[in-house]
Amino acid sequence: MAANKFGRYVWLVDLIRCHPYITFKEISDKWEDCGLGDGKPLPWKTFMNHKDAVQTIFDIIISCDAKRGYGYYIEDADLLEGNSFRSWLIDSYATLNQLQADKKLEKRISFEKIPSGNKYLQILLQAMRQNSVVEITHQGFGRSHASTFQVEPYHLKVYNRRWYLIGWSVYSEEIRTYALDRILNVKVTDTTFKLPESFDINEYFEGCVGIIADGDIDIERVVIKAYGWARKYLATLPYT
């Protein structure tokens, strides 16, 4: 799929998410101004094709309410906002769309750089999709040399600008966490595994701050006092 088409789909989702019950004419007007459509109106057929593609790719249904001026809205919008991955993807790509469409903004928006481990995301996602064991070469901080071993990839997690792989170590016979930027090589093997039905990433990290989980230590309630503006900061961005 061409990247510009993907960007158009994300643009449409982000627009309707931010402007519920928006009419097709309003969508077309926004399209003319966004920079993705070369300043031309959005053809009806193109809109319908994009709407179908959004449902296929993102599992997001865009519907029309005749009672509200034939306005378009996203069905189950609350579920979309509750899905952190899809929301993050749409937010990130929508911003990238604007940067590509308007070069004047390029130097006025800054992003946090995630270390280079993200180059293994695609191969790990493929392995997770197929439930295939991966062979990774990993060199942790403080290690003088790298080690190669097999892991059943359970989950991928972002924390503090780093990607982490959470999986079952075939060698250690326990769940471990590996920073992707410390992985030197990844190879998908022919061996498959079954993801345990009992594994729940939220339960695994329950009571943890960050990506270190230790089942041998009991969870303790910690109270943090905040004053002034810091109260609202912590309330909207709690430690996780």
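Source: prediction; values computed, not measured.
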### Task
Please report the C-alpha distance between F24 and Y72 in whole Å, then the side-chain angles of each, then the deciding distance to 0.1 Å, and finally whether the ring-ring contact (aromatic ring centres under 6.0 Å, His included) criterion is met.
CA-CA 7 Å; F24 171 70; Y72 288 90; 7.4 Å; no

### Task
With ring-ring contact (aromatic ring centres under 6.0 Å, His included) as the test, would you mind laying out the steps for Y178 and Y120 before giving the verdict?
CA-CA 12 Å; Y178 308 94; Y120 296 117; over 10 Å; no

With heavy-atom distances below 4.5 Å as the criterion, would you say the side chains of [X] and [Y] are in contact?
X: I27; Y: L12; value: yes
X: L156; Y: W163; value: yes
X: R221; Y: V223; value: yes
X: Q150; Y: T189; value: yes
X: L165; Y: T177; value: no
X: F193; Y: T191; value: no

### Query
Mind checking what makes side-chain contact (heavy atoms from CB on, under 4.5 Å) contact with R68, not counting sequence neighbours?
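Partners of R68 by the side-chain contact (heavy atoms from CB on, under 4.5 Å) criterion, ordered by chain and then number, come out as Y21, D65.
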
### Task
Apply side-chain contact (heavy atoms from CB on, under 4.5 Å) to P41 and list each qualifying residue two or more places apart in sequence or on a separate chain.
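For P41 the side-chain contact (heavy atoms from CB on, under 4.5 Å) partners, ignoring immediate neighbours, are S28, E32.
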
Count I, L, V, M, F, W, Y as connected when their side-chain heavy atoms are under 4.5 Å apart, and connections chain through other members. Are [X] and [Y] then in the same cluster?
X: V54; Y: I57; result: yes
X: M48; Y: I60; result: yes
X: L195; Y: V133; result: yes
X: I175; Y: Y171; result: no
X: I201; Y: W168; result: yes

Check: residues 135-142 side-chain donor-acceptor pairs under 3.5 Å, at least two apart:
| residue | atom | partner | partner atom | Å |
| --- | --- | --- | --- | --- |
| T137 | OG1 | T148 | OG1 | 2.9 |
| Q139 | NE2 | R143 | O | 3.0 |

Just verifying a value: how many Å separate [X] [atom1] and [Y] [atom2], rounded to the nearest 0.5 Å?
X: K51; Y: T56; atom1: NZ; atom2: OG1; value: 10.5 Å
X: N185; Y: I123; atom1: CG; atom2: CD1; value: 7.5 Å
X: W44; Y: N49; atom1: CH2; atom2: CG; value: 11.0 Å
X: I166; Y: K157; atom1: CD1; atom2: NZ; value: 7.0 Å
X: Y73; Y: I62; atom1: OH; atom2: CD1; value: 11.5 Å

### Task
Name the orientation class of the two ring planes belonging to W11 and W31 (parallel below 30°, tilted from 30 to 60°, perpendicular beyond 60°).
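Rings of W11 and W31: perpendicular, as their planes differ by over 60°.
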
Residue pairs passing the salt bridge (charged side-chain N to carboxylate O under 4.0 Å, His left out) test where at least one lies in [range], sequence neighbours excluded:
range: residues 165-177; value: E174-R176
range: residues 122-131; value: none
range: residues 19-28; value: K25-D29

### Query
If you look only at pairs with a residue in residues 195-229, which of them pass as a ring-ring contact (aromatic ring centres under 6.0 Å, His included), with sequence neighbours excluded?
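Counting only pairs at least two positions apart or across chains, the ring-ring contact (aromatic ring centres under 6.0 Å, His included) contacts touching residues 195-229 are Y154-F199.
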
### Task
Any chance you could lay out the salt bridge (Lys or Arg N to Asp or Glu O under 4.0 Å) test for D14 and R17, step after step, and finish with the verdict?
CA-CA 5 Å; D14 186 57; R17 182 179 64 161; 3.0 Å; yes

### Message
For S169 versus S172, what's the shortest heavy-atom pair and its separation?
### Response
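S169 and S172 have their closest heavy atoms at OG-N, 3.0 Å.
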
#### Entry: Considering all heavy atoms, the nearest P153-S132 contact
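So the minimum-distance heavy-atom pair works out to CD-O, 3.3 Å.
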
Set of ring pair (Phe, Tyr, Trp, His ring centres under 6.0 Å) partners for [X], sequence neighbours left out:
X: Y70; answer: none
X: H155; answer: none
X: Y233; answer: none

### Task
Taking side-chain hydrogen bond (donor to acceptor under 3.5 Å, both in side chains) as the test, write out the residues that go with D200, two or more places apart.
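Partners of D200 under the side-chain hydrogen bond (donor to acceptor under 3.5 Å, both in side chains) test: none.
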
### Residues in side-chain hydrogen bond (donor to acceptor under 3.5 Å, both in side chains) contact with S63, at least two apart in sequence or another chain
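For S63, the residues satisfying side-chain hydrogen bond (donor to acceptor under 3.5 Å, both in side chains) (neighbours in sequence not counted) are E75.
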
